[in-house]
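Down below is the structure, laid out as structure tokens.
For ligands, and for the atoms within them, numbers begin at 1 and follow the listed sequence.
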Amino acid sequence: DSGSARASPEQYDIQYLTPVEIGTPPQTLNLDVDSGSSDLWVFSTEMPASSVKGQAQYDPSKSSTAKRVQDATWNITYGDNSYSEGIVYKDVVNVGGVSFDAQAVEAATAVSQTFTTDANDDGLLGLAFSTINTVQPSQEKTFFDNVASELDAALWTADLKYHKSGCYDFGVIDDSKYTGQITYTDVDSSDGFWMFDVSGYGIGNNTFQSTSFQGIADTGTTLAMLPAQVVKAYYKQVRGAKLDNSQGGYVFPCQANLPSFVYGVGNARYEIPGQYINYAPVDNDGTTCFGGIQSDAGIGFAILGDILLKSAFVVFDASENVPRLGFAKK
Ligand SMILES: O=C(CNCc1ccccc1)Nc1scc(-c2ccccc2)c1C(=O)NCc1ccccc1
């Protein structure tokens with residue numbers, strides 16, 4: 001079995017949304033496929049109407065295959081202190097043609113303001129490792145863990161694009177989506193993330209620095225949160241850039257000519273074009289812009305979010321004893 005689902009960007013590529021069918025007859029919700037968390041949770045008819053502003057809601061009472069998981073609850077808080085919580089159903093879930101008939105669908109009963117204000121985002125589909133799923137008293141499996149044994153290959157791929165729709169594929173590597181070789185690197189999943197070693201970095205045409213650091217491949221995080229020293233060195237090359245704590249990070253004049261950022265995976269080198277690193281204006285007149293590369297200070301590891309992932313074709317491969325990540329140019 002294999003499948004393919006679209007990943008459509010919201011404004012500034014803040015996140016990418018993928019249509020997911022839930023229940024019988026199918027209810028289509030647009031979810032944020034998130035390799036940085038492991039809960040599949042949705043806006044639902046179980047939450048107060050005041051928390052719903054345009055989102056589609058999963059209605060288990062309208063699904064003949066929905067079954068309540070008695071006494072099961074969940075709650076999750078993300079690094080920006082956004083959170084959601086609720087109860088659990090089992091139901092049919094279909095992503096890009098790959099289906100599982102008893103997927104834990106975590107129906108929200110409450111969400112934070114940040115989720116309520118994002119009208120197009122109906123929930124998250126977590127594809128990190130099931131060891132960090134938040135359902136209690138017994139943890140549930142991610143959609144990928146549930147379908148892996150049915151897939152032609154136990155892997156999924158991310159082909160995210162700059163200000164354009166891309167794809168998430170399941171069970172197959174589509175060779176038309178990348179050029180050259182795929183470079184693989186082992187994943188340390190002990191913290192539940194797709195965590196690996198970045199072998200070094202380079203700024204524009206400057207010499208590549210072979211200082212490795214650990215990071216997670218996180219399709220759910222917008223920006224690339226990198227070691228403070230790396231980020232400081234990057235913005236030193238940007239005239240007018242400064243760390244503005246009131247904005248929460250490095251900003252620069254929107255007209256700045258940003259250098260590219262090169263990152264290493266093993267002996268391979270991948271480049272984020274400077275244009276991708278001009279994330280979005282922070283003011284109405286578009287004079288000052290917020291950087292797509294920011295510091296990972298206080299997190300404990302780097303977060304290689306969409307700003308970085310959209311520069312490559314990425315393989316999330318759990319087909320062997322040790323999971324691994326593959327990167328290729330495209
Ligand atoms: O939580 C995730 C992946 N989910 C991101 C997401 C998607 C939709 C809504 C909210 C969040 N990734 C990870 S792993 C570790 C962290 C983290 C980040 C900062 C401090 C502590 C932990 C995060 C995370 O929260 N990512 C999202 C994020 C938001 C704002 C700033 C940085 C990162």
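Considering only non-hydrogen protein atoms, atom 6 (C) of ligand 1 sits nearest to Gly220 O, 3.6 Å. Among all protein heavy atoms, the one lying closest to atom 4 (N) of ligand 1 is Asp34 OD2, 2.7 Å. With respect to atom 32 (C) of ligand 1, the closest heavy atom belonging to the protein is Met225 CE, 3.8 Å. If you check which protein heavy atom lies closest to atom 21 (C) of ligand 1, you get Gly79 CA, 3.8 Å. Distance from atom 28 (C) of ligand 1 to its nearest protein heavy atom, with residue and atom name: Thr221 OG1, 4.1 Å. Looking from atom 1 (O) of ligand 1 to the surrounding protein, the closest heavy atom is Tyr78 CD2, 3.3 Å. The nearest heavy-atom contact from the protein to atom 30 (C) of ligand 1 is Asp80 CB, 3.4 Å.
Near Ser82, meaning under 4.0 Å from one of its heavy atoms, ligand 1 places the atoms 10 (C). Shown in contact with Ile299 at under 4.0 Å from a heavy atom are these atoms of ligand 1, numbered in order with element: 18 (C), 19 (C), 20 (C). Near Phe193, with a cut-off below 4.0 Å to any heavy atom, the atoms of ligand 1 are 14 (S). Close contacts of ligand 1 with Phe115, meaning ligand atoms under 4.0 Å from a residue heavy atom, involve 9 (C).
In Asp32, the part holding a heavy atom less than 4.0 Å from any atom of ligand 1 is the side chain. Residue contacts with ligand 1, taken as heavy atom pairs separated by less than 4.0 Å, involve Ile303 solely via side-chain atoms from C-beta onward. Residue Ile216 touches ligand 1 through its side chain alone, judged by heavy-atom distances below 4.0 Å.
For Arg68, the CZ atom counts as densely surrounded, since its 6.0 Å shell holds more than 12 non-hydrogen atoms of other residues, nucleotides or ligands. Summarising the local packing, CD of Gln247 is surrounded by more than 12 heavy atoms from other residues, nucleotides or ligands at distances under 6.0 Å.
An N or O contact shorter than 3.5 Å is missing between Ser37 and ligand 1 by distance. The shortest N/O to N/O separation between Asp218 and ligand 1 falls below 3.5 Å. Residue Phe301 has no nitrogen or oxygen atom sitting less than 3.5 Å from a nitrogen or oxygen atom of ligand 1, judged on distance alone.
Without hydrogens or angle criteria, Asp39 side chain to Thr134 main chain gives a donor-acceptor distance under 3.5 Å. Counting only distance, with no hydrogens or angles, the side chain of Thr142 and the backbone of Asp145 share a donor-acceptor pair below 3.5 Å.
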Side-chain atoms of residues 288-297: list all donor-acceptor pairs with protein atoms under 3.5 Å, sequence neighbours left out, distances to 0.1 Å.
residue : atom : partner : partner atom : Å
Thr288  : OG1  : Asp283  : OD2          : 3.4
Gln294  : OE1  : Tyr250  : N            : 2.7
Gln294  : NE2  : Tyr250  : O            : 3.1
Gln294  : NE2  : Gly291  : O            : 2.9
Ser295  : OG   : Ala297  : N            : 2.9
Asp296  : OD2  : Ala302  : N            : 3.4

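Relative ring orientation between Phe261 and Tyr201 is described as parallel, the plane-to-plane angle staying below 30° on a 0-90° scale split at 30° and 60°. Between Trp156 and Phe170, the ring-plane angle classifies as parallel under the 30° and 60° cut-offs. Between Tyr78 and Phe115, the ring planes lie perpendicular to each other; the angle is over 60°, past the 30° to 60° tilted range.
A donor and an acceptor atom, one from each side chain of Asp306 and Thr222, are nowhere located under 3.5 Å apart.
One hydrophobic cluster, built from ILVMFWY side chains closer than 4.5 Å, cannot hold both Phe313 and Tyr263; they sit in different ones.
Residues Tyr184 and Phe327 keep their aromatic ring centres 6.0 Å or farther apart.
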